[in-house]
Amino acid sequence: MSEKQTDEMQSMRCRVCSWIYDPKLGEPNQGVMPRTSWEAVPDTFLCPECFLGKSEFDPV
């Protein structure tokens, strides 16, 4: 797997509540299907735990 593919499927953690977005699982409650990279997650995405936006996430 190339470095770019690895980055695209990186898990992301909410820096406020520590909820983790796992691209293998997606977030179907918000229409983000499994195997969706963080780059492809819509900008309107909200953390399902604390409801803050995508900008509050950092790579795990």
Side-chain angles (χ1 to χ4, degrees):
M1 188 179 312
S2 75
E3 185 176 319
K4 182 166 177 55
Q5 288 172 324
T6 301
D7 289 346
E8 286 176 359
M9 295 310 286
Q10 172 124 32
S11 294
M12 300 293 287
R13 179 187 332 231
C14 177
R15 69 179 89 133
V16 175
C17 72
S18 297
W19 181 83
I20 294 179
Y21 172 77
D22 183 344
K24 293 178 199 138
L25 303 175
E27 174 50 34
N29 292 329
Q30 294 187 62
V32 180
M33 302 315 299
R35 309 282 316 150
T36 300
S37 70
W38 186 246
E39 290 292 319
V41 171
D43 291 337
T44 56
F45 180 85
L46 297 175
C47 176
E49 292 292 320
C50 69
F51 307 107
L52 293 178
K54 193 174 169 183
S55 65
E56 297 300 320
F57 284 76
D58 293 319
V60 173

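Bear in mind that the values here come from a model prediction, so they are computed numbers and not experimental data.
- At least one side-chain heavy atom of P42 sits less than 4.5 Å from a side-chain heavy atom of V32.
- By the side chain to side chain contact (heavy atoms under 4.5 Å, CB included) test, L46 is found to be paired with Q30, residues two or more places apart in sequence or in another chain being considered.
- Counting only residues at least two apart or in different chains, side-chain hydrogen bond (donor to acceptor under 3.5 Å, both in side chains) contacts with residues 44-54 are absent.
- Below 30°, between 30° and 60°, or above 60°: for F45 and W38 the angle between ring planes is above 60°, a perpendicular geometry.
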Enumerate, atom names and distances included, each donor-acceptor pair closer than 3.5 Å involving a side-chain atom of residues 11-19, sequence neighbours excluded.
residue : atom : partner : partner atom : Å
R15     : NE   : D58     : OD2          : 3.2
R15     : NH2  : S55     : O            : 2.9
R15     : NH2  : D58     : OD1          : 3.3

Identify every side-chain donor-acceptor pair in residues 21-28 under 3.5 Å, counting partners at least two apart or on other chains, and give the distances.
residue : atom : partner : partner atom : Å
Y21     : OH   : T36     : O            : 2.6
D22     : OD1  : K24     : N            : 2.9

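- V60 forms part of a hydrophobic cluster together with I20, judged by ILVMFWY side-chain heavy-atom separations under 4.5 Å.
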